[in-house]
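Encoded as structure tokens, the structure appears first; notes follow it.
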Amino acid sequence: MKTGLEILKERNINDPSIAGIKQRGKVYDLHTQIDENEQFEFIKYSSPDGLDIMRHTSAHVLAQAVKRLFPETLLSVGPTTEVGFFYDFYRPEGFTEEDLKKIDQEMQKIKKENLIIQKFVMKREDAIRFYEERGEKFKVEILKDIKDEYVSFYKQGEFVDLCRGPHLISTGNVGAVKLIGLSAVHFKGNENFPMLTRIYGVAFATEQDLENYFKMQEELKKRDHRKLGRELDLFLIDEENIGAGLVVWLQKGAKVRRLIEDLWLKIHEQNGYQLVYTPHVANEKLWKISGHLELYSKFMFPSMSFDTKEQEEEKDDFERKVGYQEKISYRLKPMNCPFHITIFKSKTRSYRDLPMRLCEFGTVYRYEKSGVLHGLLRVRGFTQDDAHIFLKLDQLEDEVISVIDIMKRFLSVFGFKDFFVFLSTRPEKRVGTDDEWDFAENALRKALDKSGFQYSIDPGEGVFYGPKIDVKIKDVLGRVWQCSTIQLDFNLPRKFSAFYVDSDNTRKQVYIIHRAILGSFERFFGILIEHTAGNLPHYFAPTQCVVISVKDTVNDYAEFIYDLLSKSGLRVELDLNTGQRLSKRIRDCEIRKIPFMIVLGEKEKNEKVITIREKGKDDIKKLSIQEGINYLLELCTRVSGE
RNA sequence: GCCAAGGUAGCUCAGGCGGUAGAGCGGCUGCCUUGUAAGCAGCAGGUCGCGGGUUCGAAUCCCGCCCUUGGCUCCA
């Protein structure tokens with residue numbers, strides 16, 4: 001058994017780019033002994049594993065800097081993240097941004113000091129004593145959770161930390177590091193433990209990589225749907241007077257939504273779905289039956305009641321005459337299912353009616369904590385592209401295949417082609433019989449196999465009322481978003497006693513699939529805006545082209561062309577604002593992300609042609625009027641993937 | 001909810017250790033009749049998030065509240 005350092009010395013290798021060793025798929029640092037007779041490879045500093053080692057050491061450098069500047073601070077833990085690392089500290093007064101700057105500087109200093117890092121082990125009981133003497137109560141807590149007899153420590157200069165590793169051999173090998181933020185966390189994530197301050201940093205192999213990271217952050221900012229939503233007049237959120245998390249769709253945004261809804265409805269009607277509308281509020285009785293009041297009330301807006309005692313005295317004569325017999329409470333709906341079940345139950349249903357597919361643009365309200373609200377992506381009022389399918393269990397597989405097919409077809413229209421599919425199976429606490437779960441899980445699995453999707457199984461991650469399939473989409477920046485979900489429900493049909501009459505003339509319990517393709521229009525719109533950076537597919541652009549008249553003398557021709565385009569079905573605007581330079585008006589269209597600009601002047605008027613400038617492109621097409629219209633129609637009315 | 005940073009004109013932001021509130025963009029008006037990403041000039045636009053306190057005087061200092069942004073999954 002030898003350490004990596006010893007092996008390197010033995011072989012006379014002096015390569016500063018080596019960060020560790022990989023053997024049997026496990027990563028070891030150069031301080032740790034391995035069996036040198038078994039196959040192993042050196043890990044380069046720039047590889048993902050090497051980076052992880054470096055980030056781990058960065059966390060120690062952070063802790064060392066904090067200890068130097070604020071010696072009274074107690075240490076907790078400091079793992080790595082996807083782009084860097086963090087360390088949790090106990091310091092009741094917390095840290096400020098100013099402190100962060102100082103800590104950052106101290107970290108750079110520690111890097112320069114090029115401190116040798118050493119590893120040593122200690123008996124667990126000794127380690128506990130070691131930390132008890134120093135008052136490091138969190139370290140003591142951590143040690144108490146460890147079962148091993150011996151624990152390892154890493155030492156760099158005056159700084160010593162209990163740590164599993166792996167670590168670099170010197171602080172000088174730490175790469176490009178920068179602290180990026182603070183956050184409050186509870187020790188062990190448990191609210192009963194005291195509050196710690198988590199300091200975040202990013203760390204990369206080179207300054208260039210670090211720069212690229214910040215450039216990427218800039219790119220994200222540019223695509224931020226909240227910024228684009230304002231600039232392109234798509235939506236607004238007025239936290240003060242309307243309410244946080246409540247979305248107002250402006251004219252342009254509403255146009256896009258209508259286009260999405262229309263296409264959605266067309267596809268769904270082609271596949272046997274029937275549209276319904278249901279109220280935004282319902283008597284609390286409904287939510288009592290469904291069980292939402294019991295299990296979901298922390299997300300529900302508080303109840304609206306009439307006929308409370310105070311109001312009794314305030315009633316005027318008319319109100320007394322009309323009379324409130326009893327206290328009636330209403331709730332804003334957090335889900336649409338109880339309404340759809342009520343529709344199902346409103347008549348006796350035959351097996352011949354199944355599967356019965358009810359769909360709705362169902363606007364629901366959920367009281368999310370203020371801290372989690374985020375633009376369109378996390379809101380308190382949103383419209384689901386919801387549907388409930390009432391069926392017999394033996395129809396499940398075919399139905400799921402159909403839903404997957406609709407999903408694939410519809411999402412590809414927006415350019416989403418990469419899907420990540422997850423099948424979640426029975427959890428510990430659940431309703432429904434084992435036979436039902438067996439059958440349902442199997443049917444979902446078979447449906448997925450037939451759909452040709454690669455999928456992974458999340459054992460035990462199903463909802464208590466049934467197994468589910470979740471689908472995530474990947475956007476152009478590689479970010480993954482959960483949108484579609486298909487959930488089987490064993491619970492609600494029981495709660496509502498929802499039956500159908502089977503061919504043998506007996507009543508049988510119906511089964512329900514909850515499903516959404518987009519999830520919610522708000523959230524999906526936000527994802528779409530960021531995915532396209534505001535350049536929506538031409539089909540969905542609120543304004544597809546602007547006809548620009550170069551000067552007053554050709555306004556008649558511009559109006560003539562505008563009429564033609566408009567009547568041919570394009571969404572077109574007319575710009576006769578000849579008070580402005582042409583280049584300014586082109587620029588305005590570019591900023592508004594208008595797909596096509598039709599620039600008309602004397603030349604076009606005389607030659608009876610139109611010139612088309614495509615957004616973001618310099619080439620200008622000169623076409624006859626009819627050719628031009630055909631060209632625009634071809635690009636603006638076709639739906640990709642349809 | 002918790003930690004940090006914020007909230008000043010429609011938007012982006014400056015100012016501020018207490019003494020009449022600023023710029024750019026946008027808007028309006030006028031001039032220029034304009035050829036493919038910002039022509040020129042003038043004007044309008046603000047309870048400085050809300051409430052309270054200190055003060056002769058608060059956008060500025062203090063307290064409380066509301067809202068926003070970034071975090072709060074990563075576990076020696």
Side-chain angles (χ1 to χ4, degrees), chain A residues 52 55-56 59-60 75-89 91-100 124 127 131 138-148 151-154 161-165 180-191 194-200 217 221 224 226-227 230-231 233 236-245 368-375 548-555 577-592 597-604 611-620:
Chain A
D52 198 62
R55 286 171 179 153
H56 211 147
H60 276 204
L75 302 175
S76 172
V77 297
T80 61
T81 66
E82 264 172 49
V83 289
F85 57 91
F86 64 78
Y87 208 111
D88 290 348
F89 300 99
R91 184 167 190 260
E93 56 272 54
F95 296 95
T96 65
E97 301 258 301
E98 280 303 307
D99 295 338
L100 225 56
R124 198 181 69 110
Y131 274 128
F138 298 98
K139 287 293 186 188
V140 173
E141 271 301 315
I142 290 161
L143 277 163
K144 281 181 181 164
D145 286 345
I146 299 174
K147 303 262 151 37
D148 306 342
V151 294
S152 60
F153 282 78
Y154 284 82
D161 198 7
L162 168 74
C163 186
R164 179 163 51 190
I180 53 167
L182 294 167
S183 161
V185 292
H186 285 282
F187 183 56
K188 293 186 185 180
N190 183 331
E191 293 193 18
M195 185 68 66
L196 304 177
T197 305
R198 179 170 294 178
I199 301 182
Y200 286 90
Q217 297 304 108
K221 244 189 211 165
D224 192 316
R226 294 165 300 185
K227 177 169 142 42
R230 202 170 30 238
E231 287 171 1
D233 289 323
L236 71 82
I237 295 174
D238 178 349
E239 294 92 6
E240 199 167 301
N241 294 318
I242 294 177
E368 302 280 356
K369 288 181 183 179
S370 66
V372 303
L373 298 178
H374 181 89
I548 301 172
S549 162
V550 173
K551 54 182 189 177
D552 292 350
T553 53
V554 296
N555 281 357
N577 181 13
T578 49
Q580 284 295 350
R581 296 289 173 276
L582 178 60
S583 53
K584 162 73 170 159
R585 293 148 75 196
I586 299 276
R587 183 182 142 85
D588 287 346
C589 287
E590 289 281 344
I591 288 170
R592 290 177 59 207
M597 290 153 256
I598 319 296
V599 179
L600 303 176
E602 293 290 355
K603 279 183 263 172
E604 288 77 9
T611 53
I612 302 174
R613 179 195 163 105
E614 201 164 330
K615 186 200 166 298
K617 292 183 184 161
D618 288 334
D619 69 310
I620 291 156

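Here is the naming used below: chain letters follow the sequence lines, and residue numbers restart at 1 for every chain. We use all heavy atoms of the structure for the numbers below, so side chains are in, but hydrogens, waters and symmetry mates are not.
- Across the protein-nucleic acid pair, A:D588 atom CG and B:G26 atom C1' stand 10 Å apart, rounded to whole Å.
- Residue A:E602 is classed as a base contact, given a heavy-atom separation below 4.0 Å to a base.
- Of the C1' atoms belonging to B:C11 and B:G27, the separation is 12 Å, rounded to the nearest Å.
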For A:D619 and A:K617: C-alpha separation, side-chain torsions, deciding distance, then whether salt bridge (charged side-chain N to carboxylate O under 4.0 Å, His left out) applies. CA-CA 6 Å; A:D619 69 310; A:K617 292 183 184 161; 6.0 Å; no
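- Going from atom NE2 of A:H374 over to atom C1' of B:U68 covers 11 Å, rounded to whole Å.
- A:R587 places its CZ atom 8 Å from the P atom of B:G26, with the value rounded to the nearest Å.
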Show, in sequence, the C-alpha distance, side-chain angles and deciding distance for A:K221 and A:K227, and conclude whether the side-chain contact (heavy atoms from CB on, under 4.5 Å) test is met. CA-CA 8 Å; A:K221 244 189 211 165; A:K227 177 169 142 42; over 6 Å; no
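- Contacts of A:G78 with the nucleic acid, taken as non-hydrogen atoms under 4.0 Å apart, are absent.
- Residue-level contact check: A:L373 touches the backbone only, with heavy atoms under 4.0 Å from sugar-phosphate atoms and none from bases.
- Residue-level contact check: A:I142 touches the backbone only, with heavy atoms under 4.0 Å from sugar-phosphate atoms and none from bases.
- Closest to the A:T611 side chain, of the nucleotides B:G35, B:U12, B:C67, is B:G35.
- Checked against B:U36, B:G35, B:C74, the side chain of A:P79 finds its nearest nucleotide in B:C74.
- Using a 4.0 Å heavy-atom criterion, one finds that A:F153 contacts no nucleic acid atom at all.
- Distances were taken from every side-chain heavy atom of A:Q580 (C-beta onward) to each of B:G39, B:C74, B:A37; the shortest belongs to B:G39.
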Taking N or O atoms only and anything under 3.5 Å, show me the protein contacts with nucleotides 46-50 of chain B, one pair per line.
none

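- Of the listed residues (A:V77, A:L196, A:L75), just one forms a side-chain contact (heavy atoms from CB on, under 4.5 Å) with A:F89, and that residue is A:L75.
- The backbone N or O of A:V599 sits less than 3.5 Å from a side-chain atom of A:T611, completing a donor-acceptor pair.
- Per the geometry, CG belonging to A:L143 stands 7 Å off C1' belonging to B:A76, to the nearest Å.
- Panel note: side chain A:E590, backbone A:G616; a donor-acceptor pair is recorded below 3.5 Å.
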Hey, what are the protein-to-nucleotides 1-4 of chain B N/O distances that come in under 3.5 Å?
unit_1	atom_1	unit_2	atom_2	d
B:G1	OP2	A:S370	OG	2.5
B:A4	O2'	A:E97	OE2	3.2

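- Atoms CZ (A:R592) and P (B:C25) sit 20 Å apart, rounded to a whole Å.
- Of the two residues near RNA chain B, A:I591 and A:R581, the one whose nearest nucleotide lies more 5' is A:R581.
- A:D148 comes within 4.0 angstrom of a base, heavy atoms only.
- Distance CG (A:D224) to C1' (B:U68): 12 Å, rounded to an integer number of Å.
- At least one test fails for A:R55 against the ring of A:F85: distance under 6.0 Å to the centre or angle within 45° of the axis.
- Nearest heavy-atom pair, A:L236 versus A:D238, reported as atom, atom and distance to 0.1 Å: CD1-N, 3.9 Å.
- Considering only the side chain of A:K603, B:G35 comes nearest among B:A37, B:G35, B:U68.
- Closest to the A:I586 side chain, of the nucleotides B:U12, B:A37, B:U33, is B:A37.
- The listed nucleotides are B:C67, B:G39, B:C74; the one nearest the side chain of A:F86 is B:C74.
- In this structure, A:G181 reaches neither bases nor backbone, as no heavy-atom distance under 4.0 Å exists between it and the strands shown.
- Rounded to an integer number of Å, the gap from A:K188 NZ to B:U73 P is 16 Å.
- For A:E604 against B:G35, a side-chain N or O and a base N or O form a donor-acceptor pair under 3.5 Å.
- A salt bridge between A:E231 and A:R592 is absent, with no side-chain N of the basic residue lying under 4.0 Å from a carboxylate O of the acidic one.
- For the pair A:I199 CD1 and B:C75 P, the computed distance is 19 Å after rounding to whole Å.
- Going from the C1' atom of B:C48 to that of B:A58 covers 11 Å, rounded to whole Å.
- Comparing the P positions of B:G70 and B:C56 gives a spacing of 44 Å, expressed to the nearest Å.
- Distance check on atom C1': B:A4 versus B:A41 gives 46 Å, rounded to whole Å.
- Smallest separation of non-hydrogen atoms from A:P79 and A:A59: O-CB, 4.5 Å.
- Comparing the same atom, C1', in B:C72 and in B:A59 gives a spacing of 33 Å after rounding to whole Å.
- Among the nucleotides B:A76, B:G35, B:A37, the one closest to the side chain of A:V550 is B:G35.
- The two residues A:V151 and A:A127 come nearest to each other via the heavy atoms CG2-CB, 3.7 Å.
- Here the closest heavy-atom approach between residue A:L373 and residue A:A244 is recorded as CD1-CB, 3.6 Å.
- When heavy atoms are screened at a 4.0 angstrom cut-off, A:T553 is found touching no nucleic acid atom at all.
- Residue contacts shown for A:R585 are absent, as no nucleic acid heavy atom lies under 4.0 Å away.
- Comparing B:C66 with B:G49, their C1' atoms are spaced 8 Å from each other, to the whole Å.
- If you take atom P in B:C2 and the same atom in B:G16, they sit 31 Å apart, rounded to whole Å.
- Nucleotides B:U29 and B:G45 have their P atoms positioned 16 Å apart, rounded to a whole Å.
- In this structure a side-chain-to-backbone donor-acceptor pair under 3.5 Å is missing from A:Y131 to A:L143.
- Scanning both residues, A:R613 and A:D618, for their nearest heavy atoms gives NH2-OD1, 4.3 Å.
- Using a 4.0 Å cut-off between charged nitrogen and carboxylate oxygen, A:D145 and A:K188 count as a salt-bridge pair.
- The closest donor-acceptor contact from the side chain of A:S152 to the backbone of A:C163 lies under 3.5 Å.
- Under 4.0 angstrom from either OP1 or OP2 of B:G26 there lies at least one side-chain N or O belonging to A:K584.
- Between A:K551 and A:N555 the shortest heavy-atom distance is O-OD1, 3.5 Å.
- Residue A:E590 has its side chain nearest to B:A37 when only B:U33, B:G26, B:A37 are considered.
- Remark: RNA chain B forms stems of 3 or more consecutive Watson-Crick or G-U wobble pairs, all pair distances under 3.5 Å, at B:1-7 with B:66-72, B:10-13 with B:22-25, B:27-31 with B:39-43, B:49-53 with B:61-65.
- The side chain of A:R226 lies closest to B:G70 when the candidates are B:C11, B:A38, B:G70.
- In this structure, of B:U68, B:A76, B:U36, it is B:U36 that holds the atom nearest to the side chain of A:L582.
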